[in-house]
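Per chain, numbering begins at 1; letters A, B, ... match sequence-line order.
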Number of protein chains: 2
Amino acid sequence: MRPSSGDYHHGNLRQALLDAAHEQLCDAGIGAVGMREIARRVGVSHAAPYRHYANLDALLADLATSGFRELEQRFAHLPAIAEPEARFTAMAATYVEFASDRPQLWRLMFGDALDKTGHPQLLEVSQAVFANLQETLLALGVAAPAINEALAAWAMAHGVARLALDRRLDAHLNLAMDANTLVDTAARIFLAGLRNLR
Amino acid sequence: MRPSSGDYHHGNLRQALLDAAHEQLCDAGIGAVGMREIARRVGVSHAAPYRHYANLDALLADLATSGFRELEQRFAHLPAIAEPEARFTAMAATYVEFASDRPQLWRLMFGDALDKTGHPQLLEVSQAVFANLQETLLALGVAAPAINEALAAWAMAHGVARLALDRRLDAHLNLAMDANTLVDTAARIFLAGLRNLR
DNA sequence: AGGCAATGTTGACAACGTCAACATTGCCCG
DNA sequence: CGGGCAATGTTGACGTTGTCAACATTGCCT
């Protein structure tokens with residue numbers, strides 16, 4: 001199905017909408033992403049998206065889902081580091097790096113602009129990401145199920161990412177410091193604490 | 001100035017607007033807070049708020065500022081704990097507790113619904129909160145300026161709060177666990193790490 | 001007492017999300 | 001091969017919102 005003859009039918013609007021929404025998100029932030037604006041970007045009438053998404057939230061949920069998949073990919077393509085502690089640090093760094101590479105997407109995924117309840121796919125992919133982290137923790141020799149520790153680690157990386165995104169680091173620091181060195185410090189403290197406790 | 005005679009003039013609308021906005025925020029979440037709704041709640045015409053706030057963002061910024069002041073108060077009224085490590089743990093717990101007591105307010109303060117740039121008061125109060133944490137870290141014997149460690153600690157507490165608020169804990173846990181025990185775990189790991197590193 | 005600045009009201013505008021009614025197209029089945 | 005049906009896109013409408021301008025009302029100061 002192509003836009004060969006008359007371009008009344010688009011071809012595959014759904015993906016085009018997603019792409020346009022993604023561009024708009026990166027360009028202008030979450031507040032600027034609206035049904036009409038997306039339709040405008042694709043060059044289609046303002047109500048056309050409703051043939052593919054029940055409402056704006058559904059579209060945003062789909063966008064967030066693709067974000068989680070990308071994050072998962074980054075974890076998957078992490079260089080194979082055998083040593084567990086180094087791997088843990090690398091994962092935390094990857095997490096923060098993703099947030100700093102795609103700040104708007106990250107905000108959509110973890111912020112409160114989108115109500116996540118009622119989007120099972122979204123829940124599923126986010127759980128997959130967490131499972132990945134938990135496995136690494138297990139390799140550290142933490143006793144199963146290691147839930148506490150895994151969550152604490154996640155919280156740490158998550159907090160670093162958010163503080164960095166909100167520019168609270170810039171605001172509170174005279175000296176130069178970026179999220180990367182901060183997450184390193186935090187990971188080092190965390191690992192030392194784990195060693196010390198068991 | 002009271003609403004004694006004809007109630008054309010309200011008395012002190014500014015505070016009434018803030019109160020109404022706060023109620024609406026707690027009742028229905030950040031998405032439901034709008035100029036017209038606030039005015040409706042106070043019983044005043046839809047454009048009246050503009051005599052006191054340039055726009056909705058300005059009002060929300062004021063609300064967030066009051067939130068930071070309340071958080072500051074909680075730190076100030078913390079029971080006097082001399083032992084630095086216990087005090088640190090108590091502060092982290094207080095932080096998370098605030099988030100769980102006033103989730104919507106916390107979202108406003110730390111979420112991305114409100115653009116914080118261009119609100120100097122807001123920046124000021126949030127810096128004051130951070131300074132408080134940094135002092136406690138100093139008492140732990142961390143070398144001045146201890147910026148790295150203070151930020152890492154903040155990130156940890158912040159991450160716990162956010163994961164809890166977003167119900168990601170519920171989503172990922174079969175067993176029962178709340179933010180309180182999690183922040184305890186995280187604080188213990190963090191402190192053990194600090195001891196181990198120096 | 002009178003006038004001015006502060007404060008509140010009314011009405012308007014553009015933009016938005018969403019729905020219903022209608023138009024157009026591709027595809028499948030006889 | 002043709003006709004109809006389901007999928008998809010368009011148009012127009014409704015109610016809502018943030019914000020502004022013009023106007024009304026009030027309290028305070030001289």
Side-chain angles (χ1 to χ4, degrees), chain A residues 1-21 23-25 27-64 108 112-115 117-119, chain B residues 1-21 23-25 27-64 108 112-115 117-119:
Chain A
M1 200 197 258
R2 257 83 48 80
S4 49
S5 62
D7 52 348
Y8 191 94
H9 283 91
H10 178 278
N12 64 347
L13 226 187
R14 191 175 175 111
Q15 186 59 46
L17 290 172
L18 262 185
D19 293 347
E23 283 176 30
Q24 177 72 3
L25 177 69
D27 288 1
I30 180 65
V33 182
M35 273 304 203
R36 292 176 113 104
E37 177 61 31
I38 295 172
R40 222 171 281 134
R41 252 182 135 96
V42 176
V44 89
S45 84
H46 65 260
Y50 287 91
R51 294 293 154 186
H52 300 270
Y53 289 102
N55 49 35
L56 180 57
D57 257 34
L59 201 161
L60 292 179
D62 217 359
L63 198 52
L108 175 64
D112 28 58
L114 170 64
D115 180 30
T117 66
H119 300 283
Chain B
M1 201 197 257
R2 256 83 47 81
S4 48
S5 62
D7 52 349
Y8 190 96
H9 284 91
H10 178 278
N12 63 346
L13 225 187
R14 190 174 177 115
Q15 187 59 46
L17 290 172
L18 262 186
D19 293 348
E23 281 176 31
Q24 176 72 2
L25 178 70
D27 288 1
I30 180 65
V33 182
M35 273 304 203
R36 290 176 113 103
E37 178 60 32
I38 296 172
R40 223 171 280 135
R41 253 182 133 94
V42 177
V44 89
S45 84
H46 65 260
Y50 288 90
R51 294 293 154 184
H52 300 271
Y53 289 102
N55 48 36
L56 180 58
D57 258 35
L59 201 160
L60 292 178
D62 217 359
L63 198 52
L108 174 65
D112 27 59
L114 170 64
D115 180 29
T117 66
H119 300 283

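- If you check C/dG8, C/dC16, D/dT19 against the side chain of B/Leu56, the one that comes closest is D/dT19.
- Map B/Asp57 and A/His52 each onto its nearest nucleotide of DNA chain D; the residue landing nearer the 5' end is A/His52.
- Taking atom CE on A/Met35 and atom C1' on D/dT16, their separation rounds to 17 Å, with Å as the unit.
- In this structure, CE on B/Met35 lies 4.5 Å from OH on B/Tyr50, to the nearest 0.5 angstrom.
- You won't find any donor-acceptor pair under 3.5 Å spanning the side chain of A/Arg14 and the base of D/dT8, going by distance alone.
- In this structure a side-chain-to-backbone donor-acceptor pair under 3.5 Å is missing from B/Asn12 to B/Gln15.
- In this structure, A/Leu13 places its CG atom 15 Å from C1' of C/dT24, rounding to the nearest Å.
- Atom P of nucleotide D/dG18 and atom CD1 of B/Ile38 are separated by 8 Å, given to the nearest angstrom.
- Comparing C/dA12, D/dC20, C/dC16 against the side chain of B/Ala47 picks out D/dC20 as the nearest.
- Side-chain atoms of A/His46 and base atoms of D/dG9 include no donor and acceptor less than 3.5 Å apart.
- Remark: P of C/dT18 and CG of A/Leu59 are 10 Å apart, rounded to the nearest angstrom.
- Between C/dA21, C/dT10, C/dT18, one nucleotide has an atom nearer to the side chain of A/Arg51 than all others, and that is C/dA21.
- Rounded to whole angstrom, the span from the CZ atom of B/Arg36 across to the P atom of C/dA15 amounts to 16 Å.
- Remark: C1' of C/dC19 and OH of A/Tyr50 are 9 Å apart, rounded to the nearest angstrom.
- Among the atoms of the strands shown, only primed sugar atoms or phosphate atoms (P, OP1, OP2) are found under 4.0 Å from some heavy atom of B/Arg40.
- Atom NE2 of residue B/His119 and atom CG of residue B/Asp62 lie 10.0 Å apart, to the nearest 0.5 angstrom.
- Formation of a donor-acceptor pair under 3.5 Å by the B/Arg14 side chain with backbone atoms of B/His52 is found in this model.
- Here C/dG8 presents its C1' atom at 12 Å from CG of B/Leu17, a figure rounded to the nearest Å.
- At distances below 3.5 Å, at least one donor-acceptor pair connects side-chain atoms of A/Gln24 with backbone N or O atoms of A/Ala32.
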